[in-house]
**Student:** 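I'd like to ask you about the structure that follows.
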Amino acid sequence: MLIFTSDSHRGHARSSEFFRGSLVPCFESALRTDLIQSYLEVYKFGEFRSPDALPMVALEQIHSSEYLQFVQTIHSRWCQKLQAEGQSVAPETVEIIPHTFPTRHLNQNSVPNSVYGQVGYYAMDTATPITAGSYEATRGATLCAVNAVQALAEGKTATAFSLSRPPGHHASSDGFGGYCFFNHAAVAAQHWLNLLRSKGATTPSIAILDVDFHHGNGTQSIFYDRNDVLFVSIHADPAEAYPYFLGLRDETGHGEGIDCNVNLPLALGSGWGEFGPALQAAMERIASFSPQGLVVSFGADTHEADPISGFRLSTANFNRMGNMIRELNLPTAIVMEGGYAVNILGEATYEFLNGIDLDR
Ligand code: OKP
Ligand code: ZN
């Protein structure tokens with residue numbers, strides 16, 4: 001298995017987020033990928049690579065140009081605004097948290113000029129602070145995912161892992177939240193379709209399987225009316241868990257994308273007894289779609305030890321999960337999403353990767 005990592009994630013260093021109404025230390029930190037990398041290195045798992053600077057046309061196909069511009073420039077524009085208001089500002093210490101949102105009965109149809117307004121316009125929550133290095137970090141994570149797909153398409157490996165942060169599956173075409181800015185899994189799937197088309201395929205298709213505890217609302221919305229990408233997600237019932245406002249079973253796609261969106265929500269407290277059959281159903285749906293490739297949005301936050309989630313998978317269950325996905329026998333790009341239990345993160349990820357590895 002080839003594993004792509006980029007050091008750019010270190011610049012995305014936030015101190016605190018709002019969690020259930022209180023300001024708490026960020027769960028999503030550089031420690032997460034460090035722990036996974038050192039665990040994999042100790043067990044000599046996989047071959048680590050730095051990503052090549054591949055063209056990222058797919059990034060511009062997935063996210064709107066105004067949103068890409070926003071993510072790239074917002075931190076410096078926010079700092080300039082504070083300075084203009086007479087505050088002395090050290091940009092490295094400034095963390096942007098939105099505070100006013102265009103909810104129902106407010107104007108959602110135009111982007112405000114104010115930087116404060118813009119942050120609220122593009123945000124979905126208050127858990128996703130933006131720091132000076134956030135743009136480079138999220139771009140580096142997307143580049144790792146694109147490199148994973150490129151290696152698969154070139155036949156260099158049958159399974160590739162993008163070990164990156166911040167995660168991506170909550171990011172929509174023009175929205176950030178849930179610790180996510182760019183949707184790496186979506187860009188990876190789009191890059192793969194582009195490569196297949198450039199080699200002459202007329203109707204290529206890719207499946208995305210999302211096994212993070214949280215529903216991948218961004219990925220769902222990006223592909224909701226398309227039939228070249230099947231999105232299948234197992235997650236906590238949004239009636240009880242973040243992101244609350246998307247991820248129900250009856251969301252099955254729209255227009256050309258009808259029946260190409262499959263949500264398998266599970267109750268809080270679910271363990272392998274519930275997760276296993278849902279994964280089996282997901283495998284059957286993906287097999288019948290017969291895609292040319294699989295992108296897995298992998299979150300280790302389904303583990304019973306996770307501090308912000310509510311499933312009860314054991315470390316051994318992660319190996320079974322990997323093994324079941326391996327049975328599809330599809331070239332597979334695994335993209336890191338969530339997972340916040342620092343004491344088991346390395347081991348659970350290792351067990352999953354060892355289970356799914358087609359190169360072994
Ligand atoms: C990102 B990923 C619950 C607050 C939840 C955001 C969670 C983002 C999860 N009260 N805050 O899918 O792991
Ligand atoms: Zn998650």
Side-chain angles (χ1 to χ4, degrees), residues 4 6 8-9 11-12 51-77 109-111 118-119 121-124 128 130 133-154 160 162 164-199 201-206 208 210 216-231 255-257 260 292-293 295 297 333 335-337:
F4 293 92
S6 161
S8 59
H9 75 85
H12 184 55
D52 291 332
L54 297 172
M56 293 228 278
V57 179
L59 179 62
E60 284 152 47
Q61 291 169 276
I62 293 300
H63 294 289
S64 74
S65 53
E66 62 171 34
Y67 176 69
L68 291 170
Q69 195 68 21
F70 163 79
V71 177
Q72 183 166 5
T73 61
I74 187 58
H75 193 271
S76 60
R77 289 189 296 120
N109 300 322
S110 59
V111 187
Q118 283 180 17
V119 169
Y121 177 84
Y122 290 112
M124 69 180 274
T128 315
I130 305 169
S134 296
Y135 168 73
E136 293 299 335
T138 195
R139 204 171 186 289
T142 304
L143 191 60
C144 286
V146 164
N147 270 259
V149 162
Q150 186 81 23
L152 294 166
E154 289 174 0
S162 170
S164 57
R165 59 173 288 276
H169 69 154
H170 298 300
S172 64
S173 64
D174 61 356
F176 73 98
Y179 314 153
C180 306
F181 300 94
F182 293 166
N183 194 313
H184 322 305
V187 176
Q190 185 64 55
H191 184 72
W192 213 337
L193 291 169
N194 294 350
L195 288 174
L196 289 163
R197 288 200 182 98
S198 75
K199 282 187 237 148
T202 48
T203 54
S205 64
I206 297 294
I208 301 178
D210 191 321
N217 60 283
T219 318
Q220 167 169 318
S221 73
I222 286 166
F223 296 116
Y224 206 60
D225 57 6
R226 286 172 54 169
N227 60 12
D228 53 353
V229 176
L230 172 71
F231 180 64
E256 287 185 357
C260 294
Q292 282 74 64
V295 175
S297 271
V335 177
M336 192 73 204
E337 303 287 358

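Worth saying up front: this structure is predicted, and the values here are computed from it rather than measured.
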**Student:** Quick one, Val187 with Phe182, criterion side chain to side chain contact (heavy atoms under 4.5 Å, CB included). Give me CA distance, side-chain angles, the key distance, then yes/no.
**Tutor:** CA-CA 8 Å; Val187 176; Phe182 293 166; 5.6 Å; no
**Student:** Can you check side chain to side chain contact (heavy atoms under 4.5 Å, CB included) on Glu256 and Asp225, steps first, answer last?
**Tutor:** CA-CA 6 Å; Glu256 287 185 357; Asp225 57 6; 6.0 Å; no
**Student:** Run the ring-ring contact (aromatic ring centres under 6.0 Å, His included) test against His9 and tell me which residues pass, sequence neighbours left out.
**Tutor:** none
**Student:** Under 3.5 Å, which donor-acceptor pairs do the side chains of residues 139-146 form with other protein atoms, sequence neighbours left out?
**Tutor:**
| unit_1 | atom_1 | unit_2 | atom_2 | d |
| --- | --- | --- | --- | --- |
| Arg139 | NE | Tyr135 | OH | 3.1 |
| Thr142 | OG1 | Thr138 | O | 3.1 |
| Thr142 | OG1 | His184 | ND1 | 2.8 |

**Student:** At their closest point, which heavy atom of Leu152 faces which heavy atom of Ala160, and how far apart are they?
**Tutor:** CD2-N, 4.1 Å
**Student:** Which residues pass the ring-ring contact (aromatic ring centres under 6.0 Å, His included) test with Tyr224, not counting sequence neighbours?
**Tutor:** none
**Student:** Grab the two heavy atoms, one from Gly178 and one from His170, that are nearest each other, plus how far apart they are.
**Tutor:** O-CD2, 3.3 Å
**Student:** Measure the spacing between CD of Glu136 and CD of Gln72 and express it to the nearest 0.5 Å.
**Tutor:**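 The CD atom of Gln72 is 7.5 Å from CD of Glu136, to the nearest 0.5 Å.
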**Student:** Give a yes or no on whether the backbone of Tyr179 and the side-chain of Thr128 come within a donor-acceptor separation of less than 3.5 Å.
**Tutor:** yes
**Student:** Could you give me the CA-CA distance, side-chain angles and deciding distance for Arg226 and Leu193, then say whether side chain to side chain contact (heavy atoms under 4.5 Å, CB included) is met?
**Tutor:** CA-CA 12 Å; Arg226 286 172 54 169; Leu193 291 169; 3.6 Å; yes
**Student:** Under the salt bridge (charged side-chain N to carboxylate O under 4.0 Å, His left out) rule, what pairs show up with a residue in residues 177-198, not counting sequence neighbours?
**Tutor:**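 Every pair satisfying salt bridge (charged side-chain N to carboxylate O under 4.0 Å, His left out) with a residue in residues 177-198: Arg197-Asp228.
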**Student:** According to salt bridge (charged side-chain N to carboxylate O under 4.0 Å, His left out), does anything in residues 54-65 pair up with another residue at least two apart or in another chain? List the pairs.
**Tutor:** none
**Student:** Could you pull out the closest heavy-atom pair between Ser6 and Ser8, with the gap in Å?
**Tutor:**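 For Ser6 and Ser8, the tightest heavy-atom pair comes out as OG-OG, 2.8 Å.
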**Student:** To the nearest 0.5 Å, tell me how far Asp210 CG sits from Glu337 CD.
**Tutor:**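 Output value for this atom pair is 6.0 Å.
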**Student:** Is it the case that the ring center of Phe70 lies less than 6.0 angstrom away from the ring center of Tyr122?
**Tutor:**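 Tyr122 vs Phe70: aromatic centres under 6.0 Å.
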**Student:** Go through the steps to decide whether Leu196 and Ile206 satisfy the test side chain to side chain contact (heavy atoms under 4.5 Å, CB included), and finish with yes or no.
**Tutor:** CA-CA 10 Å; Leu196 289 163; Ile206 297 294; 4.0 Å; yes
**Student:** To the nearest 0.5 Å, what is the distance between OG on Ser173 and CD on Glu66?
**Tutor:** 9.0 Å
**Student:** Would you kindly say whether Asn194 and Gln61 are connected by a side-chain donor-acceptor distance under 3.5 Å?
**Tutor:**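 There is such a pair (donor and acceptor under 3.5 Å, judged by atom type) between the side chains of Asn194 and Gln61.
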**Student:** Under 6.0 Å from the CD atom of Glu154, do we count more than 12 heavy atoms belonging to anything else shown?
**Tutor:**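 Correct, the count exceeds 12.
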**Student:** Determine the minimum heavy-atom distance between Ser110 and Tyr121, stating which atoms define it.
**Tutor:**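 Here Ser110 and Tyr121 meet closest at O-CE1, 3.6 Å.
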**Student:** So how far is it from His63 NE2 to Gln190 CD, rounded to the nearest 0.5 Å?
**Tutor:** 11.0 Å
**Student:** Applying ring-ring contact (aromatic ring centres under 6.0 Å, His included), can you list everything that pairs with Phe181, at least two apart in sequence or on another chain?
**Tutor:** His12, Phe176
**Student:** Once rounded to the nearest 0.5 Å, what's the spacing between atom CG of Asn147 and atom CG of Leu54?
**Tutor:** 4.5 Å
**Student:** Measure the OG-CG distance between Ser221 and Asp174 for me, rounded to the nearest 0.5 Å.
**Tutor:**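 Here the interatomic distance stands at 8.5 Å.
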**Student:** Taking side-chain contact (heavy atoms from CB on, under 4.5 Å) as the criterion, tell me which of Ile222, Ile208, Val295 meets it with Phe231.
**Tutor:** Ile208
